[in-house]
Number of protein chains: 2
Amino acid sequence: MSIIRKTKSVRLILSAFNDNKDAISIVELINKFNKKMNKTTVYRVLERLEKSSILHSFVGKDGLKRYAKGGKNSNSKKILNSHPHFLCEDCGTSSCIPIDIIIPSIPNYTIKTSEHLLIGQCKNCLS
Amino acid sequence: MSIIRKTKSVRLILSAFNDNKDAISIVELINKFNKKMNKTTVYRVLERLEKSSILHSFVGKDGLKRYAKGGKNSNSKKILNSHPHFLCEDCGTSSCIPIDIIIPSIPNYTIKTSEHLLIGQCKNCLS
DNA sequence: ATCTTATTGCAATTTAGTTGCATTTATATA
DNA sequence: TATATAAATGCAACTAAATTGCAATAAGAT
Ligand SMILES: [Mn+2]
Ligand SMILES: [Mn+2]
Ligand SMILES: [Zn+2]
Ligand SMILES: [Zn+2]
């Protein structure tokens with residue numbers, strides 16, 4: 001189940017992530033590859049790469065889905081220690097922040113995953 | 001600027017939040033009031049109530065915007081200590097979690113706000 | 001080389017959210 | 001209370017992200 005084939009589309013999309021250490025929104029990828037593949041293919045390739053733990057995703061404050069390199073739970077053990085994502089208000093770029101955020105357990109709730117979005121200015125935009 | 005009038009629409013929407021301590025998505029509100037007001041009005045009333053710090057909003061993992069009672073920075077002082085939101089995978093309900101999440105400062109980034117989404121099962125769905 | 005089925009392209013569709021403009025209505029003030 | 005004025009609303013058209021169904025293509029196993 002969920003065998004991933006190394007198609008031309010898969011290779012192209014992976015190359016975009018190798019060139020760029022930041023997170024990339026689906027819309028950016030659709031535009032970037034609008035001559036190379038259909039937008040539906042972009043959605044489906046990203047979906048497969050996420051299932052295969054090659055990429056992980058998060059949703060920005062704008063509601064747009066973004067992807068970045070690596071599986072979601074790199075440091076397995078504690079599921080709750082997921083890393084936050086930074087989103088620059090000025091230039092729109094986003095990136096993974098390699099720290100752990102600890103969530104205390106909350107009575108009456110079972111927490112399986114968490115998403116943390118940090119919003120502000122990146123180094124480039126701090127003029 | 002941004003005077004808020006107590007219109008019928010405003011009262012109706014506020015009543016929905018008084019009946020329900022959970023967060024409510026815009027889509028739910030549009031459906032709930034589809035006989036009482038236009039969807040555009042729902043968007044605009046919510047926008048005003050948020051600006052007036054009567055409601056605050058966050059975006060779920062599904063990309064849908066949700067609103068809940070109260071202003072964003074109830075406990076002003078530290079902007080970075082914003083409360084997380086819980087989202088139940090099973091029943092879809094979401095709610096404010098009244099705890100503070102502390103974000104350590106990160107070199108090269110200026111963080112102004114943060115969003116924390118906790119995903120799992122709520123008490124009702126833990127059968 | 002052939003077969004199987006995962007993957008892709010394409011067009012149509014769904015859905016959330018936005019915009020412009022004419023009309024209505026809350027509320028200040030005379 | 002009557003009037004003025006600007007806020008708020010309804011409506012229809014629109015934008016943009018994401019999804020779906022299906023026929024055609026291509027990766028990779030045999
Ligand atoms: Mn990440
Ligand atoms: Mn809240
Ligand atoms: Zn920036
Ligand atoms: Zn639940």
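Only a predicted model underlies this, so the values are computations on that prediction, with no experimental measurement involved. Reminder, nothing fancy here: chain letters follow the sequence lines and each chain counts from 1.
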Review point. Rounded to whole angstroms, how far apart are CG on A:Leu46 and P on D:dT19?
Key: 11 Å
Review point. Whole Å only: how far is the CG atom of A:Asn34 from the P atom of D:dA17?
Key: 13 Å
Practice item. Without swapping roles, check the side chain of A:Ser15 against the backbone of A:Leu12 for a donor-acceptor pair under 3.5 Å. Key: yes
Revision key, fill the gap. B:Tyr43 meets the ring pair (Phe, Tyr, Trp, His ring centres under 6.0 Å) criterion, sequence neighbours left out, with none
Study note, to complete from the structure: Taken to the nearest whole Å, CG/A:Asn38 to P/D:dG21 is 16 Å
Review point. Between B:Leu49 (CG) and D:dA7 (C1'), how many Å, whole number?
Key: 14 Å
Exercise for review: Look at the aromatic rings of A:Phe58 and A:His85 and report parallel, tilted or perpendicular, splitting at 30° and 60°.
Suggested key: parallel
Practice item. Would you mind building the protein contact string for nucleotides 17-30 of chain C? One character per nucleotide, 5' to 3', B for base within reach (heavy atoms under 4.0 Å), S for sugar-phosphate only, - for untouched. Key: BBBB----BBS---
**Study point:** Spacing of A:Arg48 atom CZ and A:Ile13 atom CD1 [to the nearest 0.5 Å]
**Key:** 8.5 Å
Exercise for review: Mind calculating the distance between CD1 (B:Ile24) and P (C:dA16) to the nearest angstrom?
Suggested key: 16 Å
Point to revise | Side-chain (A:His83) to main-chain (A:Pro98) donor-acceptor, under 3.5 angstrom | key: no
Revision key, fill the gap. B:Lys36 NZ to D:dC11 C1', in whole Å, measures 19 Å
**Study point:** Separation of C:dA16 P from B:Glu28 CD (nearest whole Å)
**Key:** 11 Å
**Study point:** Gap between atoms CZ and C1', on B:Arg48 and D:dA6 respectively (whole Å)
**Key:** 13 Å
Practice item. For A:Ser57, check side-chain hydrogen bond (donor to acceptor under 3.5 Å, both in side chains) against everything at least two apart and list the hits. Key: A:Glu50
